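This report refers to the structure that appears directly beneath it.
Note that the structure is predicted; figures quoted are calculated from it, not measured. The chains referred to below are lettered A, B, ... by the order of the sequence lines, with proteins before strands, and numbering in each begins at 1.
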2 protein chains.
Amino acid sequence: MSRNTKEDVVAAAGRLFATRGYEGTSMRDLGGELGLLGSSLYSHVGSKQDLLVEVVGRGAELFQRSIDQAGEVDGTARDRLRSMIAGHLDVVLDHRDEGRTFLNEARSLDSEHRSEILSARNRYESAFRTVLEEGTADGSIMMDTEPAIGAIFLLSILNAVERWYRDDGKLSRADLVDEVLEFSGVL
Amino acid sequence: MSRNTKEDVVAAAGRLFATRGYEGTSMRDLGGELGLLGSSLYSHVGSKQDLLVEVVGRGAELFQRSIDQAGEVDGTARDRLRSMIAGHLDVVLDHRDEGRTFLNEARSLDSEHRSEILSARNRYESAFRTVLEEGTADGSIMMDTEPAIGAIFLLSILNAVERWYRDDGKLSRADLVDEVLEFSGVL
DNA sequence: GTCTAACAAACGAACGTTCGTTGGCAAGAG
DNA sequence: CTCTTGCCAACGAACGTTCGTTTGTTAGAC
């Protein structure tokens with residue numbers, strides 16, 4: 001009989017928040033997921049809101065780490081863009097729960113944490129805009145669309161990937177990266 | 001003292017469902033929005049779920065009408081694609097509440113209505129895929145991406161527009177249509 | 001090695017509040 | 001008079017959370 005750790009609780013919370021939404025998930029639901037009573041969760045966590053903060057925070061951290069790694073890639077701006085896209089797909093596909101919760105459930109955060117997440121998202125979008133600008137400058141990226149719009153379009157595609165892509169399909173992740181680059185006129 | 005009609009109730013429900021989500025909206029919230037008690041809403045509507053069905057249904061109808069109109073456009077497949085994109089943007093921007101609720105709150109529908117909406121979405125995506133195939137065949141569309149993926153990418157961009165586009169900005173809707181076409185390599 | 005003190009994890013009952021919903025009644029418009 | 005609209009009071013269920021208690025494990029003292 002193995003008992004549950006805080007890690008288990010946060011993981012299960014991510015799963016339920018991602019699929020049913022924060023408001024659509026009750027502490028009793030979450031307890032049931034772990035074979036516990038709802039009240040037992042309070043041995044591990046201070047409040048339901050704390051759980052959301054934790055899950056969303058993990059999502060934010062994953063995206064942040066991804067963009068940091070891509071920034072260290074040397075080569076042309078196009079190489080860096082490719083790395084950013086691949087990294088984004090990995091986050092969104094390998095950490096579906098945290099990614100979805102980060103992207104969709106931020107509105108349920110208290111205003112302090114919500115605005116933190118919002119500026120994290122803005123910084124993230126800026127990184128995409130910047131690499132597009134650099135690629136236009138050094139000639140490694142020929143995109144007909146201006147960087148500000150192109151970054152938004154790219155992220156729209158990337159954020160939606162989790163809704164339809166399956167790893168066991170015919171399209172590999174590497175091919176998916178190429179498809180995205182090709183679609184946006186970079187390749 | 002003007003009294004409220006069912007129309008007002010459905011419109012307010014759309015507004016709240018779109019911004020706070022279905023589960024995040026209480027009947028008392030909704031009543032407050034109209035200067036009523038929550039219980040008074042039951043003079044207009046059978047249940048909260050009925051309201052969601054109504055709002056989502058309106059969203060579905062708007063998208064359906066848009067795609068039907070675009071289908072009647074004569075010219076090349078590219079002309080029809082342009083019309084589909086413009087129509088989608090109009091739905092999503094002129095009927096933000098119904099559009100958002102249709103796109104984001106379907107999971108809160110009872111399973112019967114949910115699967116109806118899901119197949120409506122599939123038919124809608126099929127229409128995009130088909131026009132891309134036709135455009136490849138008649139040579140009016142040169143897209144490097146295969147139609148199935150291209151349709152998904154296009155819809156990912158279009159569905160996200162409502163999150164960032166403002167009508168009072170520098171970018172007109174017509175220009176936005178061009179940007180989308182250009183980004184996807186059609187123009 | 002045993003006894004004991006501490007701790008983490010979970011239970012079960014209950015708290016106050018909010019939820020969706022119902023039913024009876026009043027005011028006003030056609 | 002009737003029909004629509006809304007108020008009011010109330011319902012049972014579910015909500016997040018707190019509390020005192022129980023259980024199993026871990027660590028140190030004897």
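To the nearest angstrom, C1' of dC15(D) lies 15 Å from CZ of R20(A). In this structure, L30(A) atom CG and dA10(C) atom C1' are separated by 14 Å, rounded to whole Å. Regarding L37(A), its CG atom lies at a distance of 4 Å from the P atom of dC11(C), rounded to whole Å. Atom P of nucleotide dG6(D) and atom CG of L34(B) are separated by 8 Å, given to the nearest angstrom. Rounded to a whole Å, the CD atom of E23(A) is 14 Å from the P atom of dT18(C). One atom, OH of Y42(A), and another, C1' of dG20(D), lie 17 Å apart when rounded to the nearest Å. dC7(D) atom C1' lies 15 Å from atom CE of M27(B), rounded to whole Å. In this structure, E7(B) places its CD atom 17 Å from C1' of dT4(D), rounding to the nearest Å.
Electrostatic pairing of E125(B) and R121(B) does not count as a salt bridge here, judged by no charged N lying under 4.0 Å from a carboxylate O. Taking a cutoff of 4.0 Å between a charged side-chain nitrogen and a carboxylate oxygen, E7(B) and R58(B) qualify as a salt bridge. A salt bridge links R173(A) to D90(A): one of the charged nitrogens lies within less than 4.0 Å of a carboxylate oxygen.
At dG6(D), one or more side-chain N or O atoms of H44(B) fall inside 4.0 Å of OP1 or OP2 (strictly under the cut-off). Using a 4.0 Å cut-off, some side-chain N or O of S26(A) falls inside it from OP1 or OP2 of dC15(D). For the pair N4(B) and dT5(D), the criterion of a side-chain N or O lying under 4.0 Å from OP1 or OP2 is not met.
Checking R28(A) against G35(A), the closest nucleotide of DNA chain C that is more toward the 5' end is the one next to G35(A).
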Next item on the list: Run the numbers on K48(B) and E105(B) for salt bridge (Lys or Arg N to Asp or Glu O under 4.0 Å), then give the verdict.
Entry: CA-CA 13 Å; K48(B) 188 189 178 188; E105(B) 301 301 322; over 6 Å; no
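A donor N or O paired with an acceptor N or O is found under 3.5 Å between the base of dC8(D) and the side-chain atoms of S39(B).
Contact between H88(B) and N159(B) at its shortest, heavy atoms only, is NE2-OD1, 2.8 Å.
Of the candidate nucleotides dT21(C), dC11(C), dT17(D), dC11(C) has the atom nearest to the side chain of L36(A). The side chain of K48(A) has dG16(D) as its nearest neighbour among dG16(D), dC11(C), dC7(D).
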